[in-house]
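Here's the structure we're looking at; comments come further down.
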Amino acid sequence: MVQAVNSALDNMLSKDEDVLVFGEDVGYFGGVFRTTDGLQEKHGAHRVFDTPLSEGGIAAIAFGMGLNGLKPVCEIQFADYIFPAYDQIVNEIAKLRHRSGGEFWTPITIRTPAGGGIRGGHHHSQSPESQFTHTPGLKVVYSSTPYNAKGLLISAIESEDPVIVFEPKRCYRGPFYGDPHKVPTWSGHPEAEVPDVHYTVPIGEARLVNEGNDCTVIAWGTMVHVCEEGIRQSGASCDLIDLQSLIPWDREAVVRSVKKTGRCVIVHEAPKTSGYGAEMAASVQERCFWSLEAPVTRVTGWDTPFPHTTEWDYMPSPQRIAEAIRGALEG
Amino acid sequence: MVQAVNSALDNMLSKDEDVLVFGEDVGYFGGVFRTTDGLQEKHGAHRVFDTPLSEGGIAAIAFGMGLNGLKPVCEIQFADYIFPAYDQIVNEIAKLRHRSGGEFWTPITIRTPAGGGIRGGHHHSQSPESQFTHTPGLKVVYSSTPYNAKGLLISAIESEDPVIVFEPKRCYRGPFYGDPHKVPTWSGHPEAEVPDVHYTVPIGEARLVNEGNDCTVIAWGTMVHVCEEGIRQSGASCDLIDLQSLIPWDREAVVRSVKKTGRCVIVHEAPKTSGYGAEMAASVQERCFWSLEAPVTRVTGWDTPFPHTTEWDYMPSPQRIAEAIRGALEG
Amino acid sequence: MNNDGCETPIRVPSAPFRPGESASFEEWSYSPSDLMMPDPLSCEPKDTIPHSTGLIRVLGDDGSRSGDWDPVISDSDLLIGLEHMVRLRIFDDRMMKMQRTGKLSFYMRSLGEEAIAIAQTMALEKQDWIFPTYRQPGAQFVRGRDMVSMICHCIGNVEDNVKGRQMPVHYTYREGRYISVSSPVGTQFSQAVGVAMASAYKGLDEVTITWIGDGASAEGDYHYALNFASVFRPPVILNVVNNQWAISTHANLASGSSTFADRGLAYDVPCLRVDGNDFLALYSVTKWARDRASAGLGATHIEVLTYRAGAHSSSDDPTRYRPSDEPDVWPGGDPIHRLRDHLISVGAWTEEKHRDLEGRIDSEVMAAYKEAVKFGDLAQGPYPSSDTIFTEVYSDVPWHLQEQWDEMNRLGGD
Amino acid sequence: MNNDGCETPIRVPSAPFRPGESASFEEWSYSPSDLMMPDPLSCEPKDTIPHSTGLIRVLGDDGSRSGDWDPVISDSDLLIGLEHMVRLRIFDDRMMKMQRTGKLSFYMRSLGEEAIAIAQTMALEKQDWIFPTYRQPGAQFVRGRDMVSMICHCIGNVEDNVKGRQMPVHYTYREGRYISVSSPVGTQFSQAVGVAMASAYKGLDEVTITWIGDGASAEGDYHYALNFASVFRPPVILNVVNNQWAISTHANLASGSSTFADRGLAYDVPCLRVDGNDFLALYSVTKWARDRASAGLGATHIEVLTYRAGAHSSSDDPTRYRPSDEPDVWPGGDPIHRLRDHLISVGAWTEEKHRDLEGRIDSEVMAAYKEAVKFGDLAQGPYPSSDTIFTEVYSDVPWHLQEQWDEMNRLGGD
Ligand SMILES: Cc1ncc(C[n+]2csc(CCOP(=O)(O)OP(=O)(O)O)c2C)c(N)n1
Ligand SMILES: Cc1ncc(C[n+]2csc(CCOP(=O)(O)OP(=O)(O)O)c2C)c(N)n1
Ligand SMILES: [Mg+2]
Ligand SMILES: [Mg+2]
């Protein structure tokens, strides 16, 4: 997945000279997760560079560059550290096109590794997507595999709107099925075959990972893989929808599936209250009420900060997901 | 309502010398909304003072003061300007007690005028409560009347946890029933009788504004009053719940009511997607699914920035609320 | 009570004068001959130490111009500058009157600060970017914006190019490279550095100018701007407009330091402190900064010392927090009078011509106003259609916005 | 390729040396006699201009102590300081080894920076607040913390007083007034100003000391801290630890200026730049700053010049971005060796005693480690109960947390 991200950036740097890549440690060193490895050497320090340690400043200069015709792609080293840039993102970047009557806009991309499972404790584990989905003007995507990591990132860079791209850092080196003692790599995974060339995964389209009739399971990021295992453990036949895009989300795919199955379980890592699962649950019951045979339920991180040693008791496990699916089937 | 807030601060400054009040323009001048008028003169500039124009700095010094035994009450001049302090609030203030194993905590209060209806456009109208409800460790309240503005604020200051207090600026001078051409004052309103003395409205308790059997309407802030009018226009008999506390919210009051009425409409000013209404809708259908006779619906601000001249087309109107109630009754 | 914190356990500074006291300032000792002009292309930041603590002036108290910083600018250009300043003041007065009658929801004047954006923009090239706050509307006159269109924005009618989305005074004027004003203070300062970095990246001779208030300089964006400018050295001019007040908060509470100018030195950026009511000095320092920027030498940090002579905004009443005579006794004078008197003293202008000018501009503003209200105003409408709520949130209209848009129209949005 | 931006349209600075190059620094010209010590109680910020650009030293290159800043401190206290530094280094080495075996998830050493927190904390009073980052764990030794308890935190066992909630090295030690470490860099800097304001408000003789990295000084919190400190003048000591690297990012990219120290001058705060590997100089400047703070004169801003001799953390490999000989050729030396050699030269210590000390501390650390693992470690457990997820989020357990807690237990959390 790290290579897929790298390849997306490399393709776009080659294709469009308005693309610049920068952030903390992304230049010479190639990023603490190695996603920008080799790009400075290949494309030059004027296009791929290190910045001061200042997320607010990074977002602000990206704003200005985007306004002045470039396509900056900046990295926030961990999603937990995006908050010093929150004002620039939600009050400024998101609103520029609208506030200026369409005279100015800033089509920037902000990439950030998110989520838990790497023993990161409070501040290297958070998955703050819902805090961006409430802001009109932003598009929000969340990748889960090498294939969509590259395809969504290219779509984001090519978008005329600002896009926040969350990458599940737990899956950088391989998928995670919920068992911390197993560390599979991506090799052999069907979604790990990443063309070297430019391709896109369109923003707004979900991916149907698994088909079934009993229940619809909706997830994004790392949880997509954990849900595969949870579904297996539940013994039920489920549609598994990898949402991929949170704003805008794929209404058709979700509604079609829930109308078919009549049941829905939503899974995410972030705390439950006001997580993006709340929006999904609210929307699903609004749109599919008469088809529902059980309440829409959520399996999420607890409403607490993210712990370090006990993170496996915090993140949704296949067992919890299986239990929720069984609960939905019982109605 | 301005006087009620002032009175709460005055009571607490008099009662507890660990209470300090500060923020932009709150000292000598008494605040741009006059909520701190006269407090510096009465309690001294060492207890009620102006700060530099820096929301991040204000939150940070509040953190430190709270940690070192004081009870700071700071003002963010408009809720729209709370975002430069977002990192300090969600990553620091919210997590201190937990991250330190209970060794340190910071029981601060952050007050901020929120919401639209004053022709404030993009950045003097937002109601960003949901962006705080997703952060464990924070309590969040939203007042709607002089009575609860004072009572909730005193509870917040006395709380051992950090509390964000939203005050609906549109209601500072009088309730707002949804008609911009009418400007009633608080005089004569039953919730406008505010005792001079110390009293509390407990955090976590909702207020039943209106009783009825057809439908449950849940709102907070300015929308509570608009809902009164919306309910009237709908002709239906509704429970109207003023949530008052968003974190923690009053589960019993909500569940009891929805189980009784079988229908639920949630109303807020903020954009729909991932607004706090999403959490309410998700929770209500989870907890009351078998009692529901219609989907839980939401009447909210649109998923766009807040406009200036057309704000009456943006904010939920009594008409939209009435229509949603009728929709719920039809199922 | 005395809110000077010296007697309290915690130090809380105060404004120098409060209502009931009578303001008094020492006469300025700064004179146009105080400070040499270093060569812009060889100047090192530390060479500007005197310029960051003194005050660069060209117009002396007697209306004469002199000193090293006296710029090359023709009297006819100065007359254009004077005219724009007069225009802005009359425009502001008209808008303020209209605000009182409900035609606008809100207004902010540039009273006493008219010279700043006008002189500085005149010192720049057409391709340069203007990244303003709400107190630099005057730059638009320099860039040729039609006044009718400015009024249409302020009164929020159907011709408002901001489409009724932001409050009055939040202008945007792409044609003039005048970037959309935003309410959160400070954000433009760091963004401007990015605009300038893009110009540098593209190898264009484009300079970006931006401003921040004395109050707003306490925001993180100030630090980001200076620091990124110091690292990447893009062609940007960073002005702190010290008008001594941030609403009711005196600059004493914005910073514990004596000047704002010298802050840039710690970022290795040259720093100038300029008399903000002196048109010629403003013009001169801006040319100097542009020369450096254009030569690839990076940012200049400028403190523009002035005084906010009016209320903060139409919602504000400064008599509650400062003596009402303070504006008058402040020694910086009035920027319009100072340039007018200078031009008169050199024979390029007369009192009578000035009165005529005022009369002509008053008619011009009235005419523009009458033209603008034809398209509606805030009190009466028509407003931009409520459809503008949904457009330009994104480059396209995603389905969830379309759904809500349809809902609005079904329920009878206009 | 050469990533020096001079040839590119946009200027991008670089580190002075990269892998494959060989690092070389000029010999330091700074000597202990360079700088006078101004009287702390009458010193004005501008009197520290030389101190903000020079370097305050006490220990010369030959191991002798001299100069105006030579502090009053007994040899026995210096031996205590030396012992704590040795303890920290051996402790770090042990933890790093254990990290490699999976007993800890992660570790960060203070290698080369041991003197800083130890000397500075020794210069303070017991009631003073320590607000550290992850590179000041040494302060805990000074405050008497039990090493077993520190290890229990790092290995995340049932006795971890952070209760398994944060990563290793995020110590908290209330008894020693050592405030909980947080991962977001910079935040403590501005918070510390609030801690100090509270002390001032209460009229207590309490000083707060805090640190920020060269990298992190680019965050807004740095500006907030300096600015609020300049306005309210609370008793706080604000240190920028310039160890020249922020992970892979050289200080050249953190700031365009030559020293970090002089930034404080623009906030009207006295500024000192100190040799961070010189125990005596650190002790001395901290005493000086404390004297001012305690007298109500407000903050001192200190740049602590040092070098991060090791990797950023256990996840980092510095050979990818800097020459491997850079730590050795950096002229600042090793803080432990420098103090040791000094004490030997004055006859207060011997090589042999030093070897004995190292042996003794090695055993002490091993013993503590063995004691700590009795309570579990990250590889094997037992961990703090998963119940700790739900406690202390709030002062009480609100119903929604209780509900989730019950759910976890029902599903078989331990
Ligand atoms: C982030 C933010 N905080 C608060 C405000 C409210 N506010 C608007 S203008 C102002 C004062 C600004 O003072 P200054 O920066 O000195 O500019 P001036 O008005 O004097 O030109 C304040 C506090 C705001 N617009 N943005
Ligand atoms: C707000 C924030 N952004 C990014 C990080 C990731 N990070 C951790 S340490 C570090 C470098 C810090 O460098 P410096 O401040 O110089 O301190 P040093 O490690 O050298 O002591 C970075 C980028 C973080 N912890 N917090
Ligand atoms: Mg000002
Ligand atoms: Mg460093």
Side-chain angles (χ1 to χ4, degrees), chain A residues 17-18 20 22 46-47 49-70 72 84-85 87-88 90-108 136-139 159-162 203-204 245 247-252 283, chain C residues 129 131 153 160-166 170-175 178-184 186-202 204 206 208 219-221 223-225 227-228 230-232 234 236 384 388-389 391-396 398-401 403:
Chain A
E17 66 170 28
D18 291 337
L20 299 189
F22 53 88
H46 60 307
R47 300 194 62 201
F49 54 85
D50 295 316
T51 63
L53 206 178
S54 166
E55 295 78 13
I58 291 169
I61 65 162
F63 176 110
M65 290 175 169
L67 183 150
N68 196 0
L70 302 184
D87 185 53
Q88 281 284 347
V90 304
N91 264 341
E92 293 288 321
I93 291 166
K95 296 178 172 62
L96 176 63
R97 186 188 292 273
H98 198 65
R99 88 169 195 227
S100 68
E103 284 196 351
F104 296 96
W105 60 92
T106 187
I108 72 175
L138 300 178
K139 293 185 171 170
S159 167
E160 289 301 314
D161 297 306
I203 295 177
S245 284
I247 303 290
W249 55 282
D250 189 335
R251 171 181 50 170
E252 265 117 77
S283 288
Chain C
W129 290 99
F131 211 155
H153 160 60
D160 172 12
N161 71 330
V162 174
K163 301 178 187 166
R165 292 170 182 157
Q166 293 207 89
H170 288 62
Y171 301 103
T172 180
Y173 178 46
R174 187 175 182 104
E175 218 185 300
Y178 177 99
I179 300 170
S180 161
V181 175
S182 186
S183 304
T187 49
Q188 73 290 344
F189 216 59
S190 49
Q191 292 161 357
V193 172
V195 175
M197 286 176 76
S199 299
Y201 175 78
K202 293 188 273 185
L204 300 175
E206 274 175 12
T208 302
E219 295 283 0
D221 287 297
H223 181 51
Y224 309 150
N227 201 37
F228 277 73
S230 103
V231 170
F232 298 108
V236 68
T388 58
I389 294 175
T391 52
E392 292 159 343
V393 178
Y394 296 93
S395 55
D396 53 3
W399 68 262
H400 62 297
L401 266 73
E403 217 177 57

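Here the structure is a predicted model, which is why all the values come from computation and not from measurement. Residue numbers start from 1 in every chain, and the chains themselves are labelled A, B, ... in the order their sequence lines are given, proteins ahead of strands.
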Set of side chain to side chain donor-acceptor pair (under 3.5 Å) partners for C:D221, sequence neighbours left out
A:Q88, C:S190
Can you name the side chain to side chain donor-acceptor pair (under 3.5 Å) partners of C:S199, sequence neighbours left out?
A:N68, C:E206
Below 4.5 Å from any heavy atom of chain A, which atoms of C:F189 appear? Answer side chain, backbone, both or neither.
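Contact with chain A is absent: no heavy atom of C:F189 under 4.5 Å.
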Contacting region of C:F131 [heavy-atom separation from chain A under 4.5 Å]
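Side chain only.
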Counting heavy-atom pairs closer than 4.5 Å to chain C, which one of [options] comes out on top?
options	result
A:P84, A:P136, A:S159, A:S283	A:P136
A:K95, A:E17, A:R97	A:R97
A:T106, A:D18, A:L138	A:L138

Could you check if a side-chain atom of [X] sits within less than 4.5 angstrom of a side-chain atom of [Y], using non-hydrogen atoms only?
X	Y	value
C:Y394	A:W105	no
C:D396	A:D161	yes
A:L67	C:I179	yes

Hey, could you give me the OH/CZ distance between C:Y201 and A:R47, rounded to the nearest 0.5 Å?
4.0 Å
Between C:S182 and A:E92, does the side chain to side chain donor-acceptor pair (under 3.5 Å) criterion hold? Intermediate values first, please.
CA-CA 8 Å; C:S182 186; A:E92 293 288 321; 2.7 Å; yes
Could you tell me which non-hydrogen atom of A:F104 sits nearest to which non-hydrogen atom of C:Y173, and how far apart they are?
CE1-N, 4.5 Å
Should A:L70 and C:K202 be marked as a side chain to side chain contact (heavy atoms under 4.5 Å, CB included) after you check the CA-CA gap, both sets of side-chain angles, and the distance that decides it?
CA-CA 9 Å; A:L70 302 184; C:K202 293 188 273 185; 4.1 Å; yes
Contacting region of A:I58 [heavy-atom separation from chain C under 4.5 Å]
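When you check distances to chain C, atoms from both the backbone and side chain of A:I58 fall under 4.5 Å.
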